[in-house]
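Remember, it's a predicted structure, so these values are computed and weren't measured experimentally.
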Amino acid sequence: MSDTPGDSIVPWLPAGYTLVVPGRGELFYRFHRHPDPAAPIAFLLHGWTASGDLQFFTAYEALAAEFSIITFDYRGHGRGLRLPSHFELEDVADDAAALLEALGVEPVIAVGYSMGGPVGMLLAHRHRHLVRGIVMEATALEWCSSVLDRLRWKTARIIGPLLRSVAYQRWLTHGIRRLLGPDHPMQIYVPWLSGEMRRNDPITIVQAGQALSRYDARPWVSELQVPAASLITIRDRLVKPRKQRVLAQALGADIRELDGDHISAWEHPVEFAAVTVELVELVAAKSAAPAAPASSHGA
């Protein structure tokens, strides 16, 4: 780690691995195994245009103190798979299931932020045996019910050329600094953040936004019957709090609130980490999972 101006200071990250999963490809994931083999596993599922690290780095250490944690990058996001096939949320949920099956871990608590919510719910819906509970953060039951929603997602295709532009690359560092504010403690990580954001594949990001615009769990949410908790970001301008509450109600979830916008994980890192730990603890207390041998992965 260097503190030379312009150099990237990297936060603490769990150990990273790659795993070739037959029929899917080489998945990048992080795995921290808690010293207590009975500790629950929090499976961290990131949002659109993010990665596991970008979404959860501010909570990694707090979560690792209490739980085992796994995260992975989706197709076209971060270090995720690069495939010619069109991005679909169901495929990402199946990627997640294939990873968990390959690792041979006990059922997990899926923690989904923003687009990670649909991924976590689809994982629970399609692979119920792998999930002991879910934590939904800043996410919704559906993303397509209003005229404004449909208009917003129709314009998502302009993001592809923007991500490829030189202007965007130059703006990233400046834009993140402005979002955080001049005295924010996360400013030290801005060069690292902007570098990580450049890993995304522009075409896949557009497809992911379009897939999200088609997501609607209303026909099957009642079938989940899984212990749940929700974090409501009450100043969220991207996923309206009322939509977040509709999801929480449909899941019968315990609710906690965070006084922040959609980037609360960066804006309010201490509070975000604390409430995420609390929500995983709530779901763990409401659920039971059969004992399983500890994985060979280290902390």
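- Between the side chain of His77 and the backbone N or O of Arg75 there is at least one donor-acceptor pair closer than 3.5 Å.
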Next on the checklist: Is there a salt bridge (charged side-chain N to carboxylate O under 4.0 Å, His left out) between Glu90 and Arg126? Walk through the geometry before answering.
Outcome noted: CA-CA 9 Å; Glu90 292 80 2; Arg126 296 164 71 88; 5.4 Å; no
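- With hydrogens and angles disregarded, no donor-acceptor distance shorter than 3.5 Å links the side chain of Asp201 to the backbone of Gly76.
- Within the 3.5 Å criterion, the main-chain N or O of Arg235 finds no donor-acceptor partner in the side chain of Arg237.
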Item to check | Working for salt bridge (charged side-chain N to carboxylate O under 4.0 Å, His left out), residues Glu106 and Arg33 | outcome: CA-CA 12 Å; Glu106 59 269 31; Arg33 176 60 92 167; 3.3 Å; yes
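- Between the Glu61 side chain and the Thr58 main chain, no donor and acceptor come within less than 3.5 Å of each other.
- Among Phe57, Tyr74, Phe56, the single residue meeting the ring-ring contact (aromatic ring centres under 6.0 Å, His included) criterion with His46 is Tyr74.
- For His127, the ring-ring contact (aromatic ring centres under 6.0 Å, His included) criterion is met by no residue, not counting sequence neighbours.
- No side-chain heavy atom of Thr71 sits less than 4.5 Å from a side-chain heavy atom of Phe31.
- For the pair Trp48 (side chain) and Ile205 (backbone), a donor-acceptor distance under 3.5 Å is present.
- In this structure, the side chain of Asn200 engages the main chain of Thr49 through a donor-acceptor pair within 3.5 Å.
- Side-chain N or O atoms of Arg256 include none that pairs as donor or acceptor with a backbone N or O of Val275 at under 3.5 Å.
- For Asp73 (side chain) and Gly78 (main-chain N/O), no donor-acceptor pair under 3.5 Å exists by modelled atom type.
- Annotation: side chain of Leu251 is in contact with side chain of Met136 (closest heavy-atom distance under 4.5 Å).
- With respect to Trp266, the side-chain contact (heavy atoms from CB on, under 4.5 Å) criterion is satisfied by exactly one of Leu180, Val190, Leu179: Leu180.
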